[in-house]
Amino acid sequence: MAAALACAAVLPASPAGAVTLAEIQGRGAVRIGVLTGAPPNGMIDENGNPSGYDVDVANVLGRYLALPVKLVPLTPPARIPALQTGQVDFLIATLAPTGERAKTVMFTTPYSAFDLVVVTTPDKTFAKADDLKGKHVAVNRGSSQEAALRRAAIPGVEIVVYEDDSTSVQAVLSGQVDCAIVPSTVAQGVIKQMPGAMKQDFTFFSQGNSMATLLGDFELHQYLNTAIYVMKVSGELDRISVKWTGSPLPPNLPTF
């Protein structure tokens, strides 16, 4: 399947301003933006290199394209600007498709999913959204959890914005905030690394994550959708998911 997909990379020209597959291949490498500060989806390993779920997916795509992968580590607020300014060809960066973001980028069908959960220290308990009234709640800047928390309009909640999930978690552990809303994968990683320091309370909402291309980049967008399909039916996405989260992809992963 991967060989067939590589052959499919020779497609008609894309709209003006788009990054074509021919341009990527002519350059001799594909530049993929990946997330940092959100383990196990995206992080920097002990050797200073990008690592995680998104990195593994990016490397599979490099194999499909038969090209070296140049990984560009990005914080959450830097993801879309890096794409718009040409620093990367596309994003595999745990990015939730939203209506507001869709005004500036094109989203693929989701390639991963997780729950966004409330985490806190063992001395506190939050069972539902109303329990956040009057509390300081950490979220990462420009994230879907920040948007969801603002939409919820919980009376008296104090939203404290940090640059990434790791910093939000540290704010909880240091007592700067009462709780944080982070991906369940992040919560599980911290709980495993620091038993007894933090616990997961309730699920705030569920999120699918998509790759993203420039608006109008229909050729690359279609290629990535096809690649995601191939990764799903071949079992590669399930293997990556099991490696980093302990579970295969959810059976009800949304598509569009």
Side-chain angles (χ1 to χ4, degrees), residues 34-55 73-81 93-96 98 100-101 112-209 244-247:
V34 294
L35 186 62
T36 60
N41 295 81
M43 53 198 162
I44 300 298
D45 66 18
E46 63 275 9
N47 297 314
N49 299 314
S51 177
Y53 189 117
D54 291 346
V55 171
L74 301 168
T75 61
R79 291 173 293 184
I80 290 177
T94 316
L95 194 64
T98 67
E100 188 63 27
R101 287 171 174 168
S112 71
F114 50 66
D115 291 332
L116 275 298
V117 299
V118 172
V119 295
T120 188
T121 47
D123 58 311
K124 301 182 180 71
T125 296
F126 301 100
K128 56 187 184 302
D130 279 353
D131 292 344
L132 303 179
K133 290 179 180 178
K135 304 300 182 182
H136 289 73
V137 183
V139 293
N140 78 40
R141 188 183 309 278
S143 65
S144 54
Q145 56 262 45
E146 179 187 359
L149 185 56
R150 294 190 186 282
R151 284 196 305 271
I154 300 167
V157 71
E158 183 72 27
I159 301 173
V160 185
V161 179
Y162 293 97
E163 290 304 310
D164 54 44
D165 292 316
S166 294
T167 311
S168 294
V169 166
Q170 288 302 316
V172 174
L173 295 172
S174 64
Q176 298 176 59
V177 296
D178 297 295
C179 62
I181 303 176
V182 298
S184 58
T185 49
V186 173
Q188 290 158 12
V190 174
I191 291 168
K192 183 177 179 179
Q193 292 172 8
M194 305 176 65
M198 176 174 283
K199 66 185 179 74
Q200 176 179 317
D201 280 0
F202 71 97
T203 297
F204 199 73
F205 72 104
S206 297
Q207 172 183 307
N209 303 299
W244 291 105
T245 73
S247 302

Could you give the distance from CD (Q188) to CE (M198), rounded to the nearest 0.5 Å? 13.0 Å
Does the side chain of T36 reach to within under 4.5 Å of the side chain of L74, using non-hydrogen atoms? no
Note, F114 side chain near Q207 side chain (heavy atom, < 4.5 Å): yes
How long is the straight-line distance from CG of L116 back to CD of E146, given to the nearest 0.5 Å? 12.0 Å
Are side-chain heavy atoms of T203 and F205 found at a separation under 4.5 Å? no
Set of residues satisfying side-chain contact (heavy atoms from CB on, under 4.5 Å) with respect to A93, sequence neighbours excluded: L35, R79, L91
Go through the steps for R101 and I80 under the test side-chain contact (heavy atoms from CB on, under 4.5 Å), then give the verdict. CA-CA 9 Å; R101 287 171 174 168; I80 290 177; 3.9 Å; yes
To the nearest 0.5 angstrom, please state how far the CD1 atom of I154 sits from the CG atom of L132. 4.5 Å
Tell me the closest heavy-atom pair linking E163 and P77, and the distance in Å. OE1-CG, 3.4 Å
Which atom pair, heavy atoms only, marks the closest approach of P122 to A197? CD-O, 3.5 Å
What's the shortest heavy-atom distance between V137 and L149, and which atoms? CG1-CD2, 3.8 Å
Which atom pair, heavy atoms only, marks the closest approach of F126 to F202? O-CD2, 3.0 Å
Are Q200 and I191 close enough that some pair of their side-chain heavy atoms sits under 4.5 Å apart? yes
Dump the intermediate steps for side-chain contact (heavy atoms from CB on, under 4.5 Å) on T185 and N41, then the final yes or no. CA-CA 8 Å; T185 49; N41 295 81; 2.9 Å; yes
Salt bridge (charged side-chain N to carboxylate O under 4.0 Å, His left out) against E158, all qualifying residues, sequence neighbours excluded: none
Are I44 and N49 close enough, and set up right, to give a side-chain contact (heavy atoms from CB on, under 4.5 Å), and what steps lead you there? CA-CA 5 Å; I44 300 298; N49 299 314; 6.0 Å; no
Check whether D164 reaches the backbone of S166 with its side chain - one donor and one acceptor, N or O, closer than 3.5 Å. yes
Going from OG on S144 to CG on L95, what distance comes out if it is rounded to the nearest 0.5 angstrom? 8.5 Å
Just by distance, do the side chain of D45 and the backbone of N47 share a donor-acceptor pair under 3.5 Å? yes
Side-chain contact, heavy-atom cut-off 4.5 Å: S51 with W244? yes
For the pair T121 and D123, evaluate side chain to side chain donor-acceptor pair (under 3.5 Å) and give the outcome as yes or no after the intermediate values. CA-CA 6 Å; T121 47; D123 58 311; 2.6 Å; yes
Using side-chain heavy atoms (C-beta onward) and a distance below 4.5 Å, is P50 in contact with P73? yes
Do the non-hydrogen side-chain atoms of R150 and I159 ever get within less than 4.5 Å of each other? yes
Supply the atom-to-atom distance D165 CG to M43 CE, rounded to the nearest 0.5 angstrom. 12.5 Å
Check step by step if salt bridge (Lys or Arg N to Asp or Glu O under 4.0 Å) holds for K199 and D201. CA-CA 6 Å; K199 66 185 179 74; D201 280 0; 2.6 Å; yes
Begin from the C-alpha positions of S168 and N140 and carry the test side chain to side chain donor-acceptor pair (under 3.5 Å) through to its verdict. CA-CA 7 Å; S168 294; N140 78 40; 6.0 Å; no
Derivation of the side chain to side chain donor-acceptor pair (under 3.5 Å) call for T94 and N209: CA-CA 5 Å; T94 316; N209 303 299; 5.4 Å; no
Show which side-chain atoms of residues 173-183 pair as donor or acceptor with protein atoms under 3.5 Å away, not counting sequence neighbours.
| from | atom 1 | to | atom 2 | distance (Å) |
| --- | --- | --- | --- | --- |
| S174 | OG | Q170 | O | 3.0 |
| S174 | OG | A171 | O | 3.3 |
| S174 | OG | Q176 | NE2 | 2.8 |
| D178 | OD2 | H136 | N | 2.8 |

